[in-house]
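Contents: one structure, followed by commentary.
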Amino acid sequence: MLIVMKRGHTEAELEEVIREIEKVGYRPHVSRGVETTLVGAIGRGPTPELMEHFRALPGVAEVIPISKPWKLASLEVQPFPTVLEFPTGKTGGGHVMVAAGPCGVESLEQTLKAARYVKAHGGHMLRGGAFKPRTSPYAFQGLGVEGLKILAEAKRETGLPIVTEVLSPDQVELVAQYADVLQIGARNAQNFPLLQAVGEAGKPVLLKRGMSMTLEEFLMSAEYILSRGNMRVILVERGIRTFEKATRFTLDVAAVPVLKSWTHLPVWIDPSHPAGKRDWVIPLALAGLAAGADGLIVETHPEPEKALSDAAQQLHEEEFAELMEKVRRLAAALGKHLAAPVLG
Ligand code: PEP
Ligand code: MN
């Protein structure tokens, strides 16, 4: 339920409401607006009697049920966008960021090269999988811990924050030592123990949409993370399965406005995995941004032809530079803020 405080309520009244919420075994989430304070009380469906109890507390204006099954993710509980800040840029609330890098970390040389030009062309974050979730057990599985160390070296040199994937709950602690953002891949988007574990890791999470997931299910997955006390979640639309075979997945551009009408969380587009082919990456990225996305995560490789995974869809450096130029122009046309390239 959502508890709307009266205008001009006192701090003591707010504290009393929070205490009562905790007393009945619910979790409070306070959201202070200019006009009023909202307190989400998150727990199993409240009874009319319980709502009446809260309505009677001093300083409370109204108690309303939260209509959506996702609670902490909903715009009802937090009616303003979540903005995540990194040393290189922000995402959400009109701020757009670009994370880019290879599909997988393959060597120090490959990763450093990518990191340097991602930074030079204005990217804000370095991506790269150290642990790769591959459809085949015989395909390249990533360099593991060595890959994490390579990412750390690239971060040390360029200052770009790192986003990298974590595959299982028992890896979370290790990956969180290196990553600035923990990535949950499409294949793990409903791995509930993993979602709970990253909810407790104290790092922002980039959550990919599962390839056969509805948007409601997607937000319920996000809710698993939020309900563990981690409100720093980025949702990523990365294409879904449809009957169409021309592209690798079908980018659901509509997911962007729909999600943004339901949630305060930043919504990003991954144009690489739905395209499956580098020629189509830039148009999909621009479509996502035009639809209102707060960021992009894009694959680029210094020598895509030699990549050990996703070779066909990774951009060459020149194509990444072209993408960034177009992103800058589109962001300006849309009135969005895109942090300037990181210098140094
Ligand atoms: C990736 O980002 O390289 C990846 C494996 O993506 P997804 O989980 O969306 O397939
Ligand atoms: Mn990939």
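Keep in mind that this is a model prediction, so the values were computed, not measured. First listed ligand is number 1; within each ligand, the first listed atom is number 1.
- Considering backbone and side-chain atoms alike, D310 places every N or O at 3.5 Å or more from each N or O of ligand 1.
- Ligand 1 has no nitrogen or oxygen under 3.5 angstrom from a nitrogen or oxygen of D270.
- Closest N/O/S atom of H273 to the Mn ion (ligand 2): NE2.
- Note on ring orientation: taking the six-membered ring where Trp is involved, the planes of Y117 and F320 are tilted (angle from 30° to 60°).
- Not close to ligand 1: R209, with no non-hydrogen atom less than 4.0 angstrom away.
- Side-chain heavy-atom separations under 4.5 angstrom define the hydrophobic clusters, and the remaining members of the one that includes L14 are M1, I3, M5, V17, I18, I21, V24, Y26, V30, V39, L50, M51, F54, L57, V60, V63.
- Using a 3.5 Å distance cut-off with no hydrogens or angles, the side chains of E317 and H121 do pair a donor with an acceptor.
- Taking the Mn ion (ligand 2) as reference, D310 places its N/O/S atom OD2 nearest.
- Contact analysis leaves G129 out of contact with ligand 1, as no non-hydrogen atom separation drops below 4.0 angstrom.
- Near E299, meaning under 4.0 Å from one of its heavy atoms, ligand 1 places the atoms 1 (C), 3 (O).
- At least one N or O atom of A186 sits closer than 3.5 Å to an N or O atom of ligand 1.
- The distance from ligand 1 to the heavy atoms of R187 drops below 4.0 Å at these ligand atoms: 7 (P), 8 (O), 10 (O).
- With a 4.0 Å cut-off on non-hydrogen atoms, M211 does not touch ligand 1 at all.
- Taking distance alone, with nitrogen or oxygen atoms compared against 3.5 Å, E165 stays at or beyond that limit from ligand 1.
- Remark: the H316 side chain and the E305 side chain contain an N/O donor-acceptor pair separated by less than 3.5 Å.
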